[in-house]
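The structure appears right after this line, and notes come after that.
Just so it is clear, the model here is predicted, and its values are computed rather than measured.
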Amino acid sequence: MSDTKVLRLVKKSESLPEGAFTAKAVAKAEPKPAPAPSPVLKPAPAVKPMRRRGKAKAKTQERPALSREEALTIFRTMCTSRRLDDKEIQMKGQNRIFFQISGAGHEAILTAAGMCLKPGHDWFYPYYRDRALCLQLGMTPLEMLLESVGAEADPNSHGRQMPSHWGHQKLNIVSQSSPTGTQLLQAVGCAEATYRIKLVKELKRRVKKFRNDEVVYVSLGDGTSSEGEFWEALNTACNLRLPVVFLLEDNGYAISVPVEVQTAGGDISKLVSGFPNLYRQRCDGTDAVESLAVMRRAVDNCRKNRGPSFVHAKVIRPYSHSLSDDEKLYRAEAERVADAEHDPIKRFGAWIVQEAVATADELQQIKDEIDASINEAADQALASPQPSPDTAMDFVYSPTVDPTSKEFDTEEQVQLSGNPGTMVDLINRCLHTEMKRDPRILVFGEDVADCSREKSINEVKGKGGVFKVTANLQREFGSARVYNSPLAEANIVGRAIGLATRGLKPVVEIQFFDYIWPAFHQIRNELALLRWRSGNDFSAPCVIRVPVGGYLKGGAVYHSQSGVSLFTQIPGLRVVYPSNALDANGLLRTAIRCDDPVIFLEHKHLYRQAYNKSPYPGEDFMIPFAKARTVREGTDISIITYGALVQRSLVAAKEAEKQGISVEIVDLRSVSPYDWNAIANSVTKTSRVIVAHEDSLSWGYGAEIAARISNELFEHLDAPVRRVAALDTFVAYAPQLEDAILPQSADVLKAITELHAY
């Protein structure tokens with residue numbers, strides 16, 4: 001155990017076990033061996049406020065004076081929060097709800113935060129302890145209990161989320177998920193929307209609910225500060241001076257892991273002290289009056305556009321992490337008793353009586369009223385119906401904009417003009433025309449700008465992406481709409497989610513598919529899920545452009561991956577994979593104009609091939625998703641494919657024709673959703689089918705297509721379904737080895753001849 005220095009205690013002196021709650025800040029010294037037995041800790045002198053942005057010391061602030069109404073409002077909110085926790089614990093014991101996680105011990109700082117912020121005006125990214133905040137913002141006990149019982153009327157998620165996963169469209173509480181820390185980058189993206197809207201005048205009339213002085217609140221526990229996304233969020237918020245209030249609710253434990261094990265030195269505030277433009281404060285988060293003073297200063301700092309604020313509030317956790325946890329297994333009884341002495345409700349109630357704001361009888365009357373109202377709300381919640389089973393698929397995708405519909409199909413009317421352009425050319429041109437059409441579109445990612453140092457932009461050719469796909473976008477549309485990001489993929493996608501939630505349209509780039517994995521958490525658990533888990537109250541329609549694939553001669557392990565199936569199996573995500581310039585232009589336009597998140601895969605080998613060039617199709621050319629293209633008609637064998645295997649299959653088909661074998665080739669173009677009708681029509685015609693793709697054979701995309709063909713078209717088959725794919729290994733650097741690993745035209749031809757002979 002460590003010997004943790006303590007701050008000013010409520011009592012003059014008391015015996016505390018080492019590591020117990022102390023009333024002003026977290027560890028202020030390096031861990032050292034703990035003496036035995038537990039020491040008697042004397043009260044430390046009052047600690048001066050932290051320095052503001054690392055400059056001059058702030059003057060000591062007076063504790064705010066509270067009116068009777070304000071004091072009783074705080075007390076009522078804090079008690080309501082605790083009583084709701086207790087009611088849920090009771091209901092869980094009765095098997096009437098299915099999970100419980102409390103905000104007990106955090107009520108004072110959270111009520112203070114709610115009093116300083118504006119519901120429906122500011123934006124909120126809370127975490128699961130933030131019950132008191134949500135109550136203070138206007139969420140009702142009934143609304144919280146509706147979530148507990150999984151009712152359809154629950155405004156948090158309509159029965160789709162666990163209790164204490166807050167969300168409320170009217171209050172601007174953005175739907176919360178379970179993974180700790182993912183909300184931080186989204187909150188930064190939400191605040192970045194404020195920043196971008198102020199820079200781009202056209203956006204003020206295009207974005208709903210924009211307020212010039214809006215603030216974004218985001219909270220986290222001490223354990224979450226170990227997540228990399230916490231540091232990425234702070235980095236961007238400080239770099240752009242965004243109006244984000246970070247509230248760290250430090251109760252000393254991440255489930256059973258104490259803060260000194262989680263954090264070097266045991267003090268998060270020390271670790272963040274080097275961030276510029278960050279207004280840092282720490283407080284006793286169980287002291288409602290001190291918490292209110294600190295939160296007022298933090299919010300005021302953001303409202304005045306001085307940069308982000310960071311509040312480190314030391315709180316307690318009087319209950320176990322959740323009802324799935326038993327803290328008695330890892331916390332000593334003496335430590336738990338000491339925490340109880342700093343219960344924020346007991347402390348504030350005692351202060352109210354001591355200051356003659358109200359009598360003990362009056363406070364008891366408030367508690368009795370709260371109990372009665374919560375019991376009534378519980379009865380109403382239990383009587384409220386759960387969602388109908390037939391709603392399970394609702395809101396996986398946008399219910400109003402269907403990118404598979406005829407609205408997005410202009411292929412028949414296309415008029416091509418000008419010299420043929422490569423895939424890079426036509427993607428770039430689509431980005432230019434779409435950004436001109438819609439000022440909400442933002443393009444960012446690693447190296448996508450022409451030149452971040454604008455003073456040099458007219459002296460240099462400009463980067464415009466490592467493949468030049470975004471060339472000259474910054475020159476035409478400015479740095480407010482086209483800009484470079486940190487080299488951090490989760491940062492790119494997390495911010496895009498926050499921006500898209502506010503009504504902007506991010507079209508972001510992950511430089512290589514091989515490096516998308518730090519963002520997979522944001523993609524899988526946040527981007528694809530936001531609409532469904534909130535019951536369509538929130539969504540994040542954005543486009544993630546990703547160069548993908550091999551056949552590069554030197555791409556090797558980390559520039560040649562093709563893990564398509566890892567994304568196509570995620571509900572809520574559209575996945576598109578063009579094989580030529582014309583399709584890339586039309587599919588990207590559809591991706592930008594649709595209302596769902598899209599992974600837009602651009603094969604690097606196909607970027608500048610002469611065989612897939614096309615003249616320009618016009619500024620409204622669109623190809624709907626789930627509309628395959630029959631590249632070559634045939635009667636003997638069907639090849640279902642996409643991406644780089646389209647051309648390799650064409651080469652093989654031409655060779656097979658010399659042997660008298662007629663091969664039909666279907667290019668899926670979008671791989672989720674895909675065109676099942678086109679597959680079925682082709683297989684019904686030929687009765688033999690090959691599924692060809694660049695990814696590994698086992699557990700790959702082709703296995704799903706093959707399984708469905710076998711299941712639904714078995715009576716039309718004259719031979720087993722064949723698959724042609726890469727070996728179950730990684731792509732090597734040596735060209736000869738790469739050729740052996742990736743599927744070649746010869747491999748497709750071999751499959752054609754063997755299947756024809758079956």
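Salt-bridge formation is detected for the pair E369/R76: a Lys NZ or Arg NE/NH1/NH2 atom is positioned less than 4.0 Å from an Asp or Glu carboxylate oxygen. The pair R495-E192 meets the salt-bridge criterion, with a side-chain N (NZ, NE, NH1 or NH2) lying under 4.0 Å from an Asp/Glu carboxylate O. Salt-bridge formation is not detected for the pair D250/R282: no Lys NZ or Arg NE/NH1/NH2 atom is positioned less than 4.0 Å from an Asp or Glu carboxylate oxygen. The existence of a salt bridge linking K304 and D300 is confirmed by a sub-4.0 Å separation between a basic side-chain nitrogen and an acidic carboxylate oxygen.
Atom CE in M78 sits 6.0 Å away from atom OG1 in T111 (nearest 0.5 Å). Considering CG of D85 and NE2 of H106, their distance stands at 10.0 Å, rounded to 0.5 Å. Atoms CZ and OG, from R129 and S81 in turn, are 11.5 Å apart once rounded to the nearest 0.5 Å. To the nearest 0.5 Å, atom CD1 of residue I523 and atom CD1 of residue I544 are 4.0 Å apart. The distance from the CD1 atom of I370 to the CG atom of N375 is 12.0 Å, given to the nearest 0.5 Å. Rounded to the nearest 0.5 Å, atoms CZ (F75) and CD1 (I366) are 6.0 Å apart.
Between R196 and L240, the closest side-chain pair of non-hydrogen atoms falls below 4.5 Å. Between R82 and D343, the closest side-chain pair of non-hydrogen atoms falls below 4.5 Å. The shortest side-chain heavy-atom distance between C190 and V174 does not fall under the 4.5 Å cut-off. With a 4.5 Å cut-off on side-chain heavy atoms, Q281 and S309 do not count as touching. Contact of the W166 side chain with the M144 side chain is registered, since non-hydrogen atoms from C-beta on lie closer than 4.5 Å. For the pair E327/H321, no side-chain contact is recorded, criterion being any heavy-atom separation below 4.5 Å from C-beta on. Annotation: side chain of E214 is in contact with side chain of R502 (closest heavy-atom distance under 4.5 Å). Between L442 and Y483, the closest side-chain pair of non-hydrogen atoms falls below 4.5 Å.
Panel note: side chain E232, backbone N491; a donor-acceptor pair is recorded below 3.5 Å. Side-chain N or O atoms of H165 include one that pairs as donor or acceptor with a backbone N or O of P163 at under 3.5 Å. Between the side chain of R481 and the backbone N or O of I441, at least one donor-acceptor pair lies under 3.5 Å. At distances below 3.5 Å, at least one donor-acceptor pair connects side-chain atoms of Q186 with backbone N or O atoms of T182. No donor-acceptor pair closer than 3.5 Å links the side chain of D339 to the backbone N or O of P318. Looking only at distances, no side-chain donor or acceptor of T77 sits under 3.5 Å from a matching main-chain atom of I74. A donor-acceptor pair is defined here as one N or O able to donate and one able to accept, closer than 3.5 Å; no such pair exists between the side chain of R241 and the backbone of P308. Side chain of S534 to backbone of R531: a donor-acceptor contact under 3.5 angstrom is found. In this structure a side-chain-to-backbone donor-acceptor pair under 3.5 Å is missing from R206 to I197. R440 contributes a side-chain N or O that, together with a main-chain N or O of G503, makes up a donor-acceptor pair within less than 3.5 Å.
Side-chain contact, R297 with N301: no donor N or O sits under 3.5 Å from an acceptor N or O. A donor-acceptor pair shorter than 3.5 Å cannot be found between the side chains of Y319 and D325. A donor and an acceptor atom, one from each side chain of E88 and S148, are located under 3.5 Å apart. With 3.5 Å as the limit, one finds no donor-acceptor pair spanning the side chains of K367 and Q364. Between the side chains of S177 and E526, at least one donor N or O sits under 3.5 Å from an acceptor N or O. A donor atom on one side chain and an acceptor atom on the other are not found under 3.5 Å apart for N536 and H158. In this structure, a donor-acceptor pair under 3.5 Å is absent between the side chains of Q176 and N156. If you check the side chains of H342 and T286, you find no donor sitting under 3.5 Å from an acceptor. No hydrogens or angles considered: nothing links the side chains of D595 and S539 as a donor-acceptor pair under 3.5 Å.
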Show, in sequence, the C-alpha distance, side-chain angles and deciding distance for E249 and L110, and conclude whether the side-chain contact (heavy atoms from CB on, under 4.5 Å) test is met. CA-CA 9 Å; E249 301 167 38; L110 291 169; 3.3 Å; yes
Decide side-chain contact (heavy atoms from CB on, under 4.5 Å) for L66 and L292; before the verdict, give the C-alpha distance in whole Å, the side-chain angles of both, and the deciding distance to 0.1 Å. CA-CA 10 Å; L66 295 180; L292 184 60; 3.4 Å; yes
Please lay out, stage by stage, how L184 and Y125 fare under the test side-chain contact (heavy atoms from CB on, under 4.5 Å). CA-CA 8 Å; L184 291 155; Y125 287 80; over 6 Å; no
Is there a side-chain contact (heavy atoms from CB on, under 4.5 Å) between L146 and E152 once you walk through the steps? CA-CA 8 Å; L146 287 170; E152 193 282 330; over 6 Å; no
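A pairwise comparison of heavy atoms in P506 and F444 identifies CB-CE2, 4.1 Å as the closest pair. Heavy atoms only, all atoms of each residue included: Q522 and A490 are closest at CG-O, 4.0 Å. Nearest heavy-atom pair, E147 versus M162, reported as atom, atom and distance to 0.1 Å: OE2-O, 3.1 Å. Considering every non-hydrogen atom in both W231 and S225, the closest pair reads NE1-O, 3.0 Å. Heavy atoms only, all atoms of each residue included: C542 and A496 are closest at SG-CB, 4.3 Å. When all heavy atoms are compared, the tightest approach of G105 to P344 is O-CG, 3.8 Å.
Within a 6.0 Å sphere centred on NZ of K209, other residues, nucleotides and ligands contribute more than 12 heavy atoms. Remark: K198 NZ is packed, more than 12 non-hydrogen atoms of other residues, nucleotides or ligands lying under 6.0 Å away.
Ring geometry for F246 versus F230: interplanar angle over 60°, hence perpendicular rather than tilted (30 to 60°). Relative ring orientation between Y217 and F124 is described as tilted, the plane-to-plane angle lying within the 30° to 60° band. Taking the six-membered ring where the residue is Trp, W351 and F348 present parallel rings, their angle staying beneath 30° rather than reaching 60°.
Between K118 and the options D213, N172, V215, L137, a side-chain contact (heavy atoms from CB on, under 4.5 Å) holds for only D213.
In this structure, R160 is not positioned above the aromatic face of F395 in the sense of NZ or CZ being under 6.0 Å from the six-membered ring centre and within 45° of the axis.
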